[in-house]
Amino acid sequence: SKEDLLTTIAVIPLMLYFFRDIPVKKLISIAIPYMLIFLIFIFIRLSVVGNTHGNSPITYLDNPLLAASDMNIRIGTNIYIMGMYILSLIFPYRLACDYSYNSIPLIGISDPKVILWILIYAALIFFALKGFKKKNIFSFCILYFFVTISIYSSILIVSSNAYADRFLYTPSLAFCIAAGFALYKIAKMYAAVKTVPASLLQLQKIPAYVLLILIIGLYSFQIIRYIPEWKDDLTLFSYNVKVNPENARMHKNLGGEYVRQAMQINSDSFIKKEMASKGIKELEKAVALYPRDAVGYIHLSNGHIIMGDLDAAKKDLEQALQIDPINRFAFISLGYIYYMHGNYREAADTWEKIDPSLRNQGDIYNLYLVYTRLGNLDKAAYYKKLSGK
């Protein structure tokens with residue numbers, strides 16, 4: 001179910017080459033069954049979902065690379081994102097649960113940051129190829145990283161996300177092996193030198209121990225510090241808005257959470273209005289950053305309903321239906337506003353537009369209420385019986 005397993009096709013022969021004395025022909029024969037499984041998978045995938053590369057449901061809200069104005073910007077941003085993966089392995093700072101639009105800046109190939117990462121990747125490729133015949137451990141780690149991260153790189157096929165920390169789960173093994181082997185080499189730096197006293201050979205291990213303690217200590221501190229940010233949705237979204245203040249989805253999620261919690265407060269209290277007001281501010285930022293998200297407008301309309309501004313809520317819902325003409329939640333709220341204004345005909349027509357297969361008991365009961373108001377007792381009786389109330 002996880003497509004990153006496809007990199008197994010290259011990883012298994014690579015591991016056998018570096019760590020076993022197996023002829024190349026044998027490695028190819030070992031890889032053939034995995035290649036056949038890969039072809040079967042591709043056939044099944046195309047049969048089920050088709051080739052979505054040219055007509056992909058992914059938008060630039062999910063993958064900011066799709067917002068690039070030209071290939072120069074797209075390639076430059078892609079290289080910068082690949083650099084983010086290495087940087088996150090070495091220095092996992094300001095982690096986030098979401099890096100969608102517009103968390104990652106769109107930059108061209110000529111940007112100094114992109115040029116720096118091109119040079120770093122070129123150096124890594126050179127080192128990997130140089131140590132390939134000698135079966136150098138660091139060469140293996142570099143190649144393993146490239147192979148396992150390739151499926152998320154959006155170079156050949158557009159990924160569902162431009163970047164995500166979770167994509168480093170498998171590639172991080174390369175970093176762990178390289179770091180562990182580097183510490184081992186430091187600890188054995190003078191072991192082959194016969195003129196070095198035995199006492200000095202023991203002291204040479206101290207730098208490796210110090211580095212190991214620093215790595216464990218700093219990374220553990222970062223993990224422990226980050227855990228409280230996952231306390232609940234409100235805490236998580238608030239933290240992520242601080243980390244990525246231009247992230248449209250996080251502003252939407254935070255604003256929607258404020259509004260959702262406000263809706264759960266039964267009394268018309270100051271706290272309820274205050275939470276709704278906070279939600280509206282966040283949601284206005286969200287729709288300004290990405291105006292094509294119907295859910296953001298629906299959350300915004302609920303906030304305006306709580307604040308008593310039904311006209312603003314109506315405009316929000318009309319905007320949501322322009323984006324998503326069959327959205328059930330938009331129809332429910334818009335019908336409610338018509339009902340509250342006494343426009344019962346418009347309320348009935350709006351609620352009737354909800355797909356019958358998606359209606360719940362509450363939706364059906366609303367139709368009973370509105371047809372009762374309209375004096376259409378036959379339809380009112382029909383929907384009351386259908387609602388089970």
Side-chain angles (χ1 to χ4, degrees), residues 1-8 11 58-67 76-107 113-114 116-117 120-121 124 141-142 144-180 215-254 257 289-290:
S1 67
K2 294 294 183 182
E3 293 184 1
D4 62 348
L5 288 176
L6 294 176
T7 57
T8 301
V11 165
I58 302 169
T59 68
Y60 70 84
L61 175 64
D62 304 299
N63 191 330
L65 285 171
L66 296 177
T77 306
N78 214 337
I79 293 169
Y80 174 75
I81 290 169
M82 292 299 291
M84 287 174 61
Y85 282 117
I86 293 181
L87 194 61
S88 291
L89 284 171
I90 299 170
F91 192 60
Y93 176 64
R94 294 174 71 84
L95 302 177
C97 71
D98 182 87
Y99 294 87
S100 56
Y101 186 82
N102 189 26
S103 299
I104 301 169
L106 296 175
I107 52 180
K113 294 188 287 292
V114 175
L116 175 62
W117 284 116
I120 291 172
Y121 269 102
L124 289 171
C141 292
I142 294 167
Y144 179 91
F145 174 80
F146 282 140
V147 168
T148 53
I149 201 67
S150 62
I151 199 165
Y152 301 116
S153 65
S154 291
I155 294 172
L156 299 177
I157 299 175
V158 177
S159 178
S160 57
N161 301 94
Y163 175 89
D165 295 322
R166 67 183 183 276
F167 292 163
L168 283 168
Y169 179 75
T170 302
S172 67
L173 177 60
F175 178 74
C176 294
I177 293 173
I215 290 170
I216 293 173
L218 291 173
Y219 281 64
S220 298
F221 171 79
Q222 179 68 352
I223 291 169
I224 294 167
R225 189 198 66 78
Y226 188 46
I227 288 172
E229 306 300 348
W230 290 80
K231 176 185 175 183
D232 52 40
D233 285 344
L234 194 61
T235 304
L236 181 64
F237 299 149
S238 298
Y239 165 80
N240 279 269
V241 164
K242 291 177 184 177
V243 172
N244 293 320
E246 297 299 312
N247 187 310
R249 178 174 283 142
M250 284 299 103
H251 281 293
K252 181 202 72 174
N253 288 355
L254 179 58
E257 184 62 19
L289 288 166
Y290 185 77

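Side chains included, hydrogens not; waters and symmetry mates left out as well; all remaining heavy atoms used.
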(request) Can you measure from CD (Glu246) to OH (Tyr101) and round to the nearest 0.5 angstrom? (result) 9.0 Å
(message) Strictly distance-based, threshold 3.5 Å: is any side-chain N or O of Tyr121 a donor or acceptor partner for the main-chain N or O of Met82?
(response) yes
(message) Looking at every heavy atom in both Leu61 and Ala248, which two are closest together, and how far apart are they?
(response) CD1-CB, 4.2 Å
(request) Mind running ring pair (Phe, Tyr, Trp, His ring centres under 6.0 Å) on Phe145 and Tyr85 for me, showing each step along the way? (result) CA-CA 10 Å; Phe145 174 80; Tyr85 282 117; 7.4 Å; no
(message) Distance check, rounded to the nearest 0.5 Å: Asn253 atom CG versus Leu234 atom CG?
(response) 11.5 Å
(message) To the closest 0.5 Å, what do you measure between CG (Asn63) and CD1 (Ile81)?
(response) 6.5 Å
(message) To check you understand the geometry: which heavy-atom pair defines the closest contact between Ile177 and Cys141, and what is its length?
(response) CG2-SG, 3.5 Å
(message) Can you classify the ring geometry of Tyr163 versus Tyr99 as parallel (below 30°), tilted (30 to 60°) or perpendicular (above 60°)?
(response) perpendicular
(request) Nearest 0.5 Å please: distance from the CG atom of Asp165 over to the CG atom of Leu89. (result) 9.5 Å
(message) Please enumerate all residues that pass salt bridge (Lys or Arg N to Asp or Glu O under 4.0 Å) together with Glu229, with sequence neighbours excluded.
(response) none
(request) Begin with the C-alpha distance, continue with both residues' side-chain angles, and end with the deciding distance and a verdict on side-chain contact (heavy atoms from CB on, under 4.5 Å) for Ile107 and Lys113. (result) CA-CA 9 Å; Ile107 52 180; Lys113 294 188 287 292; 4.3 Å; yes
(message) Donor-acceptor check, side chain of Ser220 to backbone of Gly217, threshold 3.5 angstrom: yes or no?
(response) no
Show which side-chain atoms of residues 90-98 pair as donor or acceptor with protein atoms under 3.5 Å away, not counting sequence neighbours.
| unit_1 | atom_1 | unit_2 | atom_2 | d |
| --- | --- | --- | --- | --- |
| Arg94 | NH2 | Lys242 | O | 3.4 |
| Arg94 | NH2 | Val243 | O | 3.1 |
| Asp98 | OD1 | Arg249 | NH1 | 3.3 |
| Asp98 | OD2 | Ser100 | N | 3.0 |
| Asp98 | OD2 | Ser100 | OG | 2.4 |
| Asp98 | OD2 | Asn247 | ND2 | 2.9 |

(message) Quick check: closest heavy atoms across Leu168 and Ser88, and the distance to 0.1 Å?
(response) CD1-CB, 3.9 Å
(message) Less than 3.5 Å apart, any donor N or O on the side chain of Tyr60 or Asn102 sitting next to an acceptor on the other?
(response) no
(request) Work out which heavy atom in Thr7 is nearest to a heavy atom in Val147; give both atom names and the distance. (result) CG2-O, 3.2 Å
(request) Can you see which heavy atom on Pro105 is nearest to which on Thr77, and at what distance? (result) O-CG2, 3.6 Å
(request) Any chance you could measure Leu236, atom CG, to Asp233, atom CG, to the nearest 0.5 Å? (result) 7.0 Å
(request) Can you measure from NE2 (His251) to CG (Asn240) and round to the nearest 0.5 angstrom? (result) 10.5 Å
(request) Tell me, yes or no, whether the heavy-atom count around Tyr226 atom OH, taken from other residues, nucleotides or ligands under 6.0 Å, exceeds 12. (result) yes
(message) Using side-chain heavy atoms (C-beta onward) and a distance below 4.5 Å, is Asn161 in contact with Arg166?
(response) yes
(request) Determine, stepwise, if the pair Leu124 / Ile86 fulfils side-chain contact (heavy atoms from CB on, under 4.5 Å). (result) CA-CA 11 Å; Leu124 289 171; Ile86 293 181; 3.8 Å; yes
